[in-house]
Amino acid sequence: MNSVSEAFADGGLHLSVGQNIATMTLSRPEARNAVTEAMWQALPDLCDRLGRDENVRGVLLTGAGDHFCGGADVAEFPRVFASPAAARDYNDLVEAGRLALTLLPKPTVAAVRGYAVGAGCGIAMACDLRFAAVGAQFAMPPARLGAAYPVTGTRQLVDLVGPSRAKDMLFSGRMVMADEAVAMGLADRVLPEEKLMGEALAYLQGIADLSADSVRRSKKIVQAISDGVDGEPAELRDLFNESFAGTDFAEGYRAFLEKRRPRFR
């Protein structure tokens, strides 16, 4: 499949594209959309294809049924954690999936209802923004399992909520309700459940009407800052300067002068 503009289904991940917005659904509602090894394996390739598909201007990530994602599939734990080597391989696979979402060069929004727990919370954090339904619950429960949480996921949590709140979530494993999640920076909107998907899609469609080149450059610069880039390296300075030589900037300022809506490609 050269384009993901067709329906896609693989190992519990379903994807469809409409009006330039891709909707990726974690689709194991019978297991609260617990993420399997096959789903982690599918994510990097799917994100790569989404990133290269010019028909896709934004990605909405959600879960089927009543929940976003209840975490990794514990039924697989006896196998994937059977030995230290197996555990390292599995954890590397999980991190590759989350990194692919984080670095996807299109705006991403997680639409969260019900539980976003453990790996589910990590997947939501890998998206650019999180819209939560009233009653949504976020949690990081590794202390309940006797494990640590991955460094990159912990860094994202700290970036969003700060060190003290990150420690609170990791130490206690407690559920954070949607309103508190917004107050601490873990979520960006709280919406009635019946409006969640519509509002998230409308937000992404609004972005799709703007400059994809500008959004791509902004996302890359913000990511570099979050990663702790020192100063203003030449690569990022060029990323900024080159935007002014592009066709989007020419159309954008021409439309402003002509008092009309810009028509970006």
Side-chain angles (χ1 to χ4, degrees), residues 2-6 15-24 46-62 99-112 124-132 156 159-160 182-183 185-192 194-265:
N2 294 323
S3 169
V4 294
S5 298
E6 311 165 34
L15 183 134
S16 60
V17 179
Q19 294 185 330
N20 301 116
I21 306 302
T23 299
M24 188 190 307
L46 182 54
C47 289
D48 178 65
R49 284 190 275 175
L50 284 167
R52 289 186 288 107
D53 191 335
E54 294 183 359
N55 294 316
V56 173
R57 303 293 290 271
V59 179
L60 175 63
L61 183 59
T62 192
L99 183 63
L101 274 173
T102 299
L103 299 182
L104 204 162
K106 310 283 175 74
T108 55
V109 173
V112 178
M125 291 193 303
C127 294
D128 297 316
L129 297 168
R130 287 146 296 283
F131 287 11
Q156 286 180 328
D159 285 346
L160 290 170
V182 169
L186 183 57
D188 301 283
R189 309 272 199 286
V190 178
L191 298 160
E194 66 274 13
K195 294 185 177 180
L196 177 66
M197 292 295 288
E199 292 282 347
L201 284 167
Y203 178 84
L204 282 167
Q205 192 59 60
I207 295 175
D209 292 337
L210 302 177
S211 166
D213 183 66
S214 175
V215 170
R216 178 185 63 81
R217 291 173 189 273
S218 293
K219 181 166 181 173
K220 191 168 184 179
I221 291 170
V222 170
Q223 185 63 50
I225 293 169
S226 294
D227 288 342
V229 66
D230 186 26
E232 189 179 25
E235 177 188 359
L236 294 183
R237 183 68 182 177
D238 289 345
L239 191 68
F240 165 70
N241 282 327
E242 288 165 4
S243 69
F244 295 94
T247 57
D248 278 12
F249 179 66
E251 167 61 13
Y253 82 74
R254 187 181 302 113
F256 179 80
L257 293 175
E258 295 172 359
K259 296 181 171 57
R260 60 172 175 81
R261 289 178 62 86
R263 295 182 291 273
F264 296 114
R265 50 187 168 80

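Both backbone and side-chain heavy atoms feed into the values below; hydrogens, waters and symmetry mates do not. Fair warning: this is a prediction, and the values are worked out from it, not measured in the lab.
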With no hydrogens and no angle check, is any side-chain donor or acceptor of [X] less than 3.5 Å from a backbone partner on [Y]?
| X | Y | value |
| --- | --- | --- |
| R130 | A124 | yes |
| N20 | N55 | yes |
| E251 | R263 | yes |
| S214 | S211 | no |
| D128 | V109 | no |

Show, in sequence, the C-alpha distance, side-chain angles and deciding distance for R57 and D209, and conclude whether the side-chain contact (heavy atoms from CB on, under 4.5 Å) test is met. CA-CA 9 Å; R57 303 293 290 271; D209 292 337; over 6 Å; no

To the nearest 0.5 Å, tell me how far C47 SG sits from L61 CG. 8.5 Å

Let me confirm one number: the CD1-CD distance from I221 to E232, rounded to the nearest 0.5 Å. 8.5 Å

May I ask you to decide whether [X] forms a salt bridge with [Y], counting only side-chain N to carboxylate O separations under 4.0 Å?
| X | Y | value |
| --- | --- | --- |
| K106 | E54 | no |
| R217 | D213 | yes |
| E235 | K220 | yes |

Could you go step by step and tell me if R189 and E199 meet the side-chain contact (heavy atoms from CB on, under 4.5 Å) rule? CA-CA 10 Å; R189 309 272 199 286; E199 292 282 347; over 6 Å; no

Atom of [X], atom of [Y] and distance for their closest heavy-atom approach:
| X | Y | value |
| --- | --- | --- |
| T62 | A111 | OG1-O, 3.1 Å |
| L60 | A200 | CD1-CB, 3.6 Å |
| L204 | G58 | CD2-CA, 4.2 Å |

side-chain contact (heavy atoms from CB on, under 4.5 Å) assessment of L46 paired with L15: CA-CA 9 Å; L46 182 54; L15 183 134; 4.1 Å; yes

Residues, nucleotides or ligands: over 12 heavy atoms within 6.0 Å of Q223 CD: yes

Would you say that more than 12 heavy atoms from the other residues, nucleotides or ligands in this model lie under 6.0 Å from the CZ of R260, or not? yes

Have T102 and Q156 got a donor and an acceptor in their side chains that come within less than 3.5 Å? yes

The test is side-chain contact (heavy atoms from CB on, under 4.5 Å); show your working for V56 and V17 and say whether it passes. CA-CA 7 Å; V56 173; V17 179; 4.1 Å; yes

Does any non-hydrogen side-chain atom of K219 lie less than 4.5 Å from one of L103? no

